[in-house]
Amino acid sequence: DDPTNGTAPTPLTNYLDTQYFGEISIGSPAQMFNVVFDTGSANLWVPSQSCSPFSTACFTHNRYDGSRSRTHIDNGTGFSIQYASGTVRGFLSEDVVVIGGIPVVQVFAEATALSAMPFIFAKFDGVLGMGYPNVAIDGITPVFDGIMSQHILKEEVFSVYYSRDPQHSPGGELVLGGTDPDYYTGTFNYVATEEMGKWEVTMKGVSVGDRIMFCVEGCTAVIDTGSSYITGPASSVSELMTTIGAQLDESGYKVNCELVKTLPSVTFHLGGQEYELSHEDYILWQTELEGDVCTVTFRGLDVPPPTGPIWILGANFIARYYTEFDRENNRIGFATAV
Ligand SMILES: CCN(C(=O)c1cnc(C)nc1NCc1ccco1)[C@H]1CCCNC1
């Protein structure tokens with residue numbers, strides 16, 4: 001009988017509570033890559049052996065070499081993906097991808113040009129999009145859809161646990177086909193995905209302390225496992241930072257570490273539930289040589305219409321609320337993370 005009872009776990013590495021990634025292999029024999037499992041996109045890309053030596057971000061990461069894989073299938077179609085934070089360009093190839101021990105023949109992009117920003121800071125090699133097929137570039141069937149069509153999963157869901165302190169082992173866990181009760185308590189509360197085909201929900205308000213300050217008329221929230229922080233419309237986040245007494249410097253919003261324990265909670269109203277983040281959840285407390293630095297893990301980001309304006313709930317939210325992404329019922333479930 002199936003040793004995994006229809007579920008397939010992948011342990012994740014937690015890099016400074018800001019990057020979470022796990023290992024997959026591509027090709028035969030296996031070529032290993034660290035990838036972000038990203039609900040904010042739907043394509044798989046890894047750096048290519050044929051990337052330009054001038055692309056530093058490419059050169060400092062593991063690179064896929066099709067000529068060394070006996071299961072490689074040429075494609076060659078051009079590929080380009082634009083994130084708010086950077087650009088990836090390359091060409092398509094096809095090969096066997098193994099994720100959580102499950103093999104799937106997959107079309108993916110070999111990146112030949114990676115923008116230095118932000119990918120020179122990436123501890124991961126590539127991105128494995130866990131989004132819906134209709135947001136996939138070039139109409140490529142996403143990895144999870146390729147796995148669902150094998151009918152081996154107990155449920156057509158995947159779940160994500162992100163640990164909160166980098167020393168914690170494992171740094172996180174992706175489960176294909178179910179959830180892992182070791183990493184959450186209580187029951188799941190579900191929110192329907194707002195628009196068919198995106199890990200997006202309707203948010204009914206954002207409160208600071210007990211006052212609804214933003215998204216009062218309702219707004220859209222993307223649950224993005226591939227984003228480190230929470231982002232909101234720049235004007236709203238700027239007002240939120242003023243309220244908590246944070247100052248913007250070149251690397252984000254900072255607060256005086258002495259005042260952290262007096263900071264109010266920020267609460268996100270999703271479905272029938274209030275999801276509170278306390279200062280423990282939204283302050284990144286780093287002890288540097290020149291003293292402690294307390295970074296607020298919120299960023300202003302204006303996503304242009306028609307996609308935006310939106311809030312993006314990233315790793316700091318998921319670290320507090322264990323998240324189940326349910327393709328069977330087009331809904332997202334949240335439970336309190338352990
Ligand atoms: C992966 C590209 N992303 C990043 O925000 C991003 C960029 N650059 C670096 C260095 N890290 C990033 N994310 C780290 C991380 C891992 C897990 C949680 O956050 C976003 C782009 C939009 C779609 N969603 C993903």
Side-chain angles (χ1 to χ4, degrees), residues 10-24 33-47 55-58 60-62 80-90 108-109 111 114-132 135-137 142-144 158-164 166 168 170-174 197-200 220-232 251-252 281-282 284 295 297-304 307-308 310-323 325 332 337:
T10 298
L12 304 179
T13 299
N14 169 356
Y15 173 69
L16 299 181
D17 284 357
T18 56
Q19 296 182 35
Y20 296 81
F21 46 86
E23 201 169 54
I24 62 166
F33 298 93
N34 285 314
V35 295
V36 170
F37 297 102
D38 175 24
T39 53
S41 65
N43 289 84
L44 169 59
W45 64 263
V46 292
S55 168
T56 315
C58 203
T60 55
H61 288 99
N62 294 308
S80 163
I81 189 166
Q82 181 70 41
Y83 303 121
S85 50
T87 310
V88 176
R89 254 187 283 284
F108 64 98
L114 286 172
S115 53
M117 290 299 289
F119 297 112
I120 48 173
F121 300 115
K123 291 299 173 195
F124 52 88
D125 300 308
V127 174
L128 194 155
M130 298 293 285
Y132 280 78
V135 300
I137 289 171
V143 170
F144 192 66
F158 60 91
S159 303
V160 177
Y161 160 69
Y162 282 167
S163 77
R164 259 166 279 194
H168 199 107
E173 184 188 63
L174 166 76
K198 285 187 175 180
W199 291 120
E200 228 173 60
T220 298
V222 174
I223 313 302
D224 184 358
T225 55
S227 286
S228 309
Y229 295 151
I230 287 174
T231 72
S251 62
D281 301 309
Y282 70 76
L284 208 51
T295 305
T297 60
F298 285 76
R299 286 265 167 86
L301 177 69
D302 288 315
V303 178
T307 313
I310 53 169
W311 289 76
I312 298 175
L313 304 183
N316 54 345
F317 186 87
I318 291 163
R320 168 84 187 255
Y321 296 104
Y322 185 95
T323 309
F325 297 87
I332 300 175

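Reckoned from all heavy atoms, side chains included, excluding hydrogens, waters and symmetry mates. Whatever order the structure lists ligands and atoms in, that order sets their numbers, starting from 1. Index from 1, following the sequence.
Under the 3.5 Å distance criterion, with hydrogens and angles disregarded, a donor-acceptor pair is assigned to the side chains of Thr225 and Thr39.
When only non-hydrogen protein atoms are considered, atom 17 (C) of ligand 1 lies nearest to Thr225 O, 3.2 Å. Here the heavy atom of the protein found nearest to atom 4 (C) of ligand 1 is Gly226 O, 3.2 Å. Atom 24 (N) of ligand 1 has Asp224 OD2, 2.7 Å as its closest protein atom, hydrogens excluded (heavy atom only). Looking only at protein heavy atoms, the nearest one to atom 8 (N) of ligand 1 is Pro118 CG, 3.1 Å. Looking at atom 22 (C) of ligand 1, its nearest protein heavy atom turns out to be Tyr83 CD2, 3.7 Å.
Less than 4.0 angstrom separates some heavy atom of Val127 from each of these atoms of ligand 1: 1 (C). Short contacts between ligand 1 and Val36, defined as distances under 4.0 Å to a heavy atom of the residue, involve ligand atoms 16 (C), 17 (C). Atoms of ligand 1 lying under 4.0 Å from any heavy atom of Thr18, numbered from 1 in the order shown and given with element: 14 (C), 15 (C), 19 (O).
Contact annotation: the side chain of Asp281 approaches that of Arg164 to within less than 4.5 Å [non-hydrogen atoms, C-beta and beyond]. A 4.5 Å side-chain heavy-atom check between Ile230 and Thr297 finds every atom pair outside the cut-off. Using a 4.5 Å cut-off on side-chain heavy atoms (C-beta onward), Thr323 and Ile332 make contact.
Taking any N or O of Ser85, backbone or side chain, none lies under 3.5 Å from an N or O belonging to ligand 1. Residue contacts with ligand 1: Gln19 is placed with no nitrogen or oxygen under 3.5 Å of a nitrogen or oxygen of the ligand (distance criterion only). By the 3.5 Å distance cut-off applied to N or O atoms, Tyr20 is not counted among the residues near ligand 1.
Ser227 places no side-chain N or O within donor-acceptor distance of the main-chain N or O of Tyr229, the cut-off being under 3.5 Å. The backbone N or O of Ile310 sits nowhere less than 3.5 Å from a side-chain atom of Thr220 that would complete a donor-acceptor pair. Between the side chain of Asp125 and the main chain of Asn62, a donor-acceptor pair closer than 3.5 Å is present.
Judged by the shortest distance from any of its heavy atoms, Thr39 lies outside the 4.0 Å radius around the atoms of ligand 1. Ligand 1 lies nowhere less than 4.0 angstrom from a heavy atom belonging to Gly314. In this structure, Phe124 has a heavy atom closer than 4.0 Å to ligand 1. Using a 4.0 Å cutoff on heavy atoms, Ile312 does not count as a contact of ligand 1.
No option in Phe124, Phe33, Phe119 other than Phe119 meets the ring pair (Phe, Tyr, Trp, His ring centres under 6.0 Å) test with Trp45.
Ring geometry for Phe325 against Trp199 counts as perpendicular: the plane angle is over 60°, on a 0 to 90° scale with 30° as the lower cut.
Of all heavy-atom pairs between Cys58 and Pro47, the closest is SG-CB, 3.7 Å.
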